[in-house]
Amino acid sequence: MAKPKFTLTSYDPVYVVAEEVRIPEEVIQQQAVNWLNYNVAKEGEEAKLTDAWVDAHCEDFKNVEELLIFIRYNMYRDNREVQELADQAVVCAELAKRLVEDLPEDLVEDSVYAANYRLEEMITRQGMDVETFCASRGISEEQLYADNRQRAIQGLKEDSALAAYADHEGLTLDAEDFYAIIPGDSIDDKAYKRRQIEMDGRLEQMEDYALKTKALKIVMENAMIKRRETDTEWLRYGDTSQDVLNANKQFPDAFVSL
């Protein structure tokens, strides 16, 4: 079967409202208590999240609010990967709306079959069958498979949109492009794994994924986002993605290094 070729109605930057992934405030407060117990409280002493306790025991913070700014910033900084994945999901979903061609039926069914196989394998690894899994979540088997089918088709649309973008831009792959999709602790480690993959004859199978990953990076860098619908300004994602939270700009004197 010939590989399907996809095109988009536009290759211009995507405009989306990508909401910030919020960490519940009660989780932040609990982390603040944990931080105080670990870093400030003496043995046998229990930290209290009160202005008086913080002021009396902390050199860098005068009250709870200053401490929470510090904790909140660092939690969001560590939460960056979650935010980036959420942003990618919104941008890719919008890009997929530009697909010109319909997805071939056989491609859809193959993708759904593979998705169902992975779902059932995951359920089995949890020591359950499909009926028990559905009962534990209060849904029917029909709904489970319908939702999984919808996710598989959406994922296929987004993959196809990225393939169309890569083809339009004439993207090609360098050795370094494979490092983005090969796990490893260092470039040397990734390079070694890449050579092993090539020797095993599996490199060609990874090319589509590597191309889409390269296309995704370009699409994300040029995407125009707002965090709230009411924001008046569109910002280029590549210029703003380093800022996980702007609290450090609002309260620059309240931060200390970890």
Side-chain angles (χ1 to χ4, degrees), residues 1-11 13-19 21 81-169 171 173 177-178 180-183 197 202-220 222-223 225 237:
M1 182 183 69
K3 182 180 176 181
K5 183 178 176 66
F6 296 101
T7 54
L8 302 177
T9 57
S10 170
Y11 298 88
V14 173
Y15 283 73
V16 294
V17 177
E19 294 184 358
V21 176
E81 184 177 356
V82 175
Q83 181 67 62
E84 287 181 341
L85 290 173
D87 294 339
Q88 288 176 13
V90 176
V91 171
C92 286
E94 186 64 28
L95 185 70
K97 295 177 182 178
R98 300 181 180 183
L99 268 179
V100 174
E101 297 82 5
D102 292 329
L103 296 173
E105 186 175 345
D106 54 351
L107 190 64
V108 170
E109 294 309 317
D110 286 347
S111 179
V112 171
Y113 178 85
N116 286 341
Y117 179 84
R118 291 192 298 271
L119 173 65
E120 291 164 1
E121 194 176 49
M122 178 272 292
I123 292 172
T124 300
R125 285 198 303 270
Q126 294 184 19
M128 292 185 283
D129 55 24
V130 172
E131 182 179 358
T132 305
F133 180 84
C134 290
S136 69
R137 282 158 176 75
I139 60 173
S140 66
E141 291 186 31
E142 292 77 11
Q143 188 62 50
L144 174 71
Y145 284 111
D147 291 345
N148 202 47
R149 179 183 181 87
Q150 183 178 8
R151 285 192 296 270
I153 293 174
Q154 180 60 30
L156 187 57
K157 287 180 179 179
E158 293 173 8
D159 280 353
S160 300
L162 288 173
Y165 189 92
D167 185 59
H168 178 267
E169 294 296 315
L171 299 183
L173 296 172
D177 294 319
F178 287 95
I181 64 172
I182 296 174
I197 291 169
R202 294 183 289 124
L203 193 62
E204 186 176 350
Q205 301 168 23
M206 300 175 66
E207 287 183 355
D208 279 350
Y209 183 39
L211 270 174
K212 291 169 187 173
T213 301
K214 191 170 186 175
L216 173 61
K217 182 179 180 181
I218 298 172
V219 169
M220 290 302 301
N222 292 292
I225 71 164
Y237 192 77

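Just so it is clear, the structure is predicted and the values come from calculations on it, not from any experiment.
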Student: Checking the side chain of Thr132 only, and the main-chain atoms of Met128 only, is there a donor and an acceptor separated by less than 3.5 Å?
Tutor: no

Student: Distance check, rounded to the nearest 0.5 Å: Glu169 atom CD versus Ile218 atom CD1?
Tutor: 6.0 Å

Student: Can you tell whether the side chains of Arg149 and Glu109 come within less than 4.0 Å, N to carboxylate O?
Tutor: yes

Student: What I want to check is whether the side chains of Glu158 and Gln154 have a donor and an acceptor closer together than 3.5 Å.
Tutor: yes

Student: If you look at every heavy atom in Glu120 and Tyr145, which pair is closest and at what distance?
Tutor: OE2-OH, 2.6 Å

Student: Got more than 12 heavy atoms from elsewhere within 6.0 Å of CD, Glu121?
Tutor: yes

Student: What's the shortest heavy-atom distance between Ser111 and Ala152, and which atoms?
Tutor: OG-O, 3.8 Å

Student: With distance as the sole test, does Ser160 use its side chain to make a donor-acceptor pair with the main-chain N or O of Leu156 at under 3.5 Å?
Tutor: yes

Student: Are Asn148 and Leu144 close enough, and set up right, to give a side-chain contact (heavy atoms from CB on, under 4.5 Å), and what steps lead you there?
Tutor: CA-CA 6 Å; Asn148 202 47; Leu144 174 71; 5.7 Å; no

Student: In Å and rounded to the nearest 0.5 Å, what is the CG to CG distance from Leu216 to Asp159?
Tutor: 10.0 Å

Student: What is the minimum heavy-atom distance between Lys157 and Leu99, and which atoms define it?
Tutor: O-CD1, 3.5 Å

Student: Any chance you could lay out the salt bridge (charged side-chain N to carboxylate O under 4.0 Å, His left out) test for Glu94 and Lys97, step after step, and finish with the verdict?
Tutor: CA-CA 5 Å; Glu94 186 64 28; Lys97 295 177 182 178; 3.2 Å; yes

Student: Measure the OG-CZ distance between Ser10 and Arg98 for me, rounded to the nearest 0.5 Å.
Tutor: 4.0 Å

Student: If you round to the nearest 0.5 Å, how far is CG of Leu119 from CZ of Phe133?
Tutor: 6.0 Å

Student: Under 6.0 Å from the CD atom of Gln150, do we count more than 12 heavy atoms belonging to anything else shown?
Tutor: no

Student: Check whether any side-chain N or O of Asp167 sits under 3.5 Å from a backbone N or O of Ala163 as a donor-acceptor pair, and report yes or no.
Tutor: no

Student: Measuring from atom CD of Glu101 to atom NZ of Lys5, what distance do you get when rounded to the nearest 0.5 angstrom?
Tutor: 9.0 Å

Student: Between Asp87 and Tyr237, is any side-chain donor less than 3.5 angstrom from a side-chain acceptor?
Tutor: yes

Student: Assess the residue pair Thr213 and Tyr209 against the criterion (side-chain contact (heavy atoms from CB on, under 4.5 Å)); give the C-alpha distance rounded to whole Å, side-chain angles, the decisive distance to 0.1 Å, and a yes or no.
Tutor: CA-CA 6 Å; Thr213 301; Tyr209 183 39; 3.7 Å; yes

Student: For Gln143 versus Asp147, what's the shortest heavy-atom pair and its separation?
Tutor: NE2-OD1, 2.6 Å

Student: Quick one: closest heavy-atom pair of Ala96 and Ala161, and the distance?
Tutor: CA-CB, 3.9 Å

Student: Can you tell me how the ring of Tyr11 sits relative to the ring of Tyr165, calling it parallel under 30°, perpendicular over 60° and tilted otherwise?
Tutor: tilted

Student: Tell me the closest heavy-atom pair linking Val91 and Ala223, and the distance in Å.
Tutor: CG2-CB, 4.1 Å

Student: Could you check whether atom CD of Glu19 has more than 12 heavy atoms from other residues, nucleotides or ligands sitting under 6.0 Å from it?
Tutor: no

Student: Run the side-chain contact (heavy atoms from CB on, under 4.5 Å) test on Thr7 and His168 for me, step by step, so that the C-alpha distance in whole Å, both residues' side-chain angles and the decisive distance to 0.1 Å come before the verdict.
Tutor: CA-CA 8 Å; Thr7 54; His168 178 267; over 6 Å; no

Student: Step by step, would you call Val17 with Ile225 a side-chain contact (heavy atoms from CB on, under 4.5 Å)?
Tutor: CA-CA 6 Å; Val17 177; Ile225 71 164; over 6 Å; no

Student: Would you indicate whether the side-chain heavy atoms of Leu95 and Val219 approach each other to under 4.5 Å?
Tutor: yes

